[in-house]
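Throughout, protein chains are lettered first and strands after them, A, B, ... in sequence-line order, and every chain is numbered starting at 1.
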2 protein chains.
Amino acid sequence: MNIQFKKGVLELCVLSLLSRRDYYGYELVENISRFIEISEGTIYPLLRRFRSDGYVTTYLEESQEGPPRKYYKLSKKGREALDELEIEWESFVDGVNDLLRGDFDDKS
Amino acid sequence: MNIQFKKGVLELCVLSLLSRRDYYGYELVENISRFIEISEGTIYPLLRRFRSDGYVTTYLEESQEGPPRKYYKLSKKGREALDELEIEWESFVDGVNDLLRGDFDDKS
DNA sequence: CATACTACCTTATAACGCAAGGTACTAAAA
DNA sequence: TTTTAGTACCTTGCGTTATAAGGTAGTATG
């Protein structure tokens, strides 16, 4: 997979998942990996960024199967960022697809 | 527009345009700008990269309206890169859209 | 001759994903 | 009981790419 495609899109993916329920980091990696390749080294810095930007709050919960899990909960600000990103993503994809299909009058 | 979205996609856009006819750099900026924001500082380094990777060949042509134009012509290797990038782009967008729609069994 | 447009180019900077590493807990296998 | 595997957290350094901001020249117009 083209690494570059992911730039900026992973933000959108993470925010979208968090809009449905709280997730812990490792779980986000597992779920997103079903659709696009992602590594842990990517997700943890991203989540830290989200927290310092006020997009998420966190809380710890113990686990039966390993170390405690740090859950991430979407804030109102994060919700707003998600809404905007979704719109941007859609119009971006539309623009690229129009261009790829050659949907334009070429003045050549 | 989210700058990050563009990473890697501009390559695809440029190769796609060049698959239809030869373009000069300035012209590529004008055409792509109709769909997604792009600046000259982006396109020229990218075109140089394409040339050193053997994706394009170039030739000069004089112009009535300004300095000579450097045209870019897609090579066979560039064509192959385009084909692959198109496939990757499509499956990437599908993956992201599936994730955004929540098209998956969440084992929560 | 000054401005605007065309058309080429370079340099320095910022953002982001990832490989590669590390820590530590639980549970099962050897 | 030691080792291995799986879960779960984390950091550092690196490479790639887009851009802003600048520069050089050519043509044409006022």
**Request:** Quick one: closest heavy-atom pair of A:E27 and A:D22, and the distance?
**Result:** OE1-O, 4.4 Å

**Prompt:** Are any of A:Y26's side-chain N or O atoms less than 4.0 Å away from OP1 or OP2 of D:dT7?
**Reply:** yes

**Request:** Is it possible for you to check whether A:R69 lies under 6.0 Å from the centre of the six-membered ring of A:Y71, through NZ or CZ, and within 45° of that ring's axis?
**Result:** no

**Request:** Indicate whether any N or O donor in one side chain lies under 3.5 Å from an N or O acceptor in the other, for A:W89 and B:N97.
**Result:** yes

**Asked** Atom CG of A:L28 and atom P of D:dA8: how far apart are they, to the nearest Å?
**Response** 12 Å

**Message:** I need the CG-P distance between B:L47 and C:dC9, as an integer number of Å.
**Reply:** 8 Å

**Request:** Specify the separation, in whole Å, of atom CD of A:E30 and atom P of D:dA8.
**Result:** 7 Å

**Request:** Starting at atom CD of B:E61, determine the distance to atom C1' of D:dG26, rounded to an integer number of angstrom.
**Result:** 16 Å

**Request:** Check step by step if side chain to side chain contact (heavy atoms under 4.5 Å, CB included) holds for B:E86 and B:L82.
**Result:** CA-CA 6 Å; B:E86 278 182 331; B:L82 169 58; 3.9 Å; yes

**Message:** Is the shortest side-chain heavy-atom distance between B:L10 and B:I36 below 4.5 Å?
**Reply:** yes

**Message:** On the six-membered ring of B:Y23, is B:R21 placed so that its NZ or CZ lies under 6.0 angstrom from the centre and within 45° of the ring axis?
**Reply:** yes

**Asked** Which value, rounded to the nearest 0.5 Å, describes the distance between A:L100 atom CG and B:F35 atom CZ?
**Response** 9.5 Å

**Request:** Take the protein atom CZ of B:F5 and the nucleotide atom P of D:dT17, then report the distance between them rounded to whole Å.
**Result:** 18 Å

**Asked** Does B:Y44 place a side-chain N or O at less than 4.0 Å from the phosphate oxygens OP1/OP2 of C:dC8?
**Response** yes

**Message:** With a 4.0 Å limit, can you tell me whether A:R48 has a side-chain N or O closer than that to the phosphate oxygens OP1/OP2 of D:dC9?
**Reply:** no

**Request:** Output yes when at least one side-chain N/O atom of B:Y24 is less than 4.0 Å from OP1 or OP2 of C:dC8, else no.
**Result:** no

**Fill in**
In whole angstroms, the gap separating C1' of D:dC9 from OH of A:Y59 amounts to 16 Å

**Asked** Can you tell me how far C1' of D:dT17 sits from CZ of B:F50, to the nearest Å?
**Response** 12 Å

**Request:** Go through D:dT7, C:dA7, C:dC9 for me and flag the one nearest to the A:R69 side chain.
**Result:** D:dT7

**Intermediate values then yes/no, side chain to side chain contact (heavy atoms under 4.5 Å, CB included), A:N2 and B:F92** = CA-CA 9 Å; A:N2 190 317; B:F92 176 73; over 6 Å; no

**Request:** Indicate, with a heavy-atom threshold strictly under 4.0 Å, whether A:Y72 touches base, sugar-phosphate, or nothing.
**Result:** sugar-phosphate

Collect all protein-nucleotide pairs involving nucleotides 24-28 of chain C in which both atoms are nitrogen or oxygen and the distance is under 3.5 Å.
residue: C:dT26; atom: O3'; partner: A:Q64; partner atom: O; Å: 3.2

Protein and nucleotides 18-22 of chain D: nitrogen or oxygen contacts under 3.5 angstrom:
residue: D:dA18; atom: OP1; partner: B:K6; partner atom: O; Å: 3.1
residue: D:dA18; atom: OP1; partner: B:G8; partner atom: N; Å: 3.0
residue: D:dT19; atom: OP1; partner: B:K6; partner atom: NZ; Å: 2.3
residue: D:dT19; atom: OP2; partner: B:T42; partner atom: OG1; Å: 2.4

**Message:** Tell me the interatomic distance from A:L85, atom CG, to C:dA15, atom C1', rounded to whole angstroms.
**Reply:** 14 Å

**Prompt:** Quick one: do B:E11 and B:R49 make a salt bridge, cutoff under 4.0 Å?
**Reply:** yes

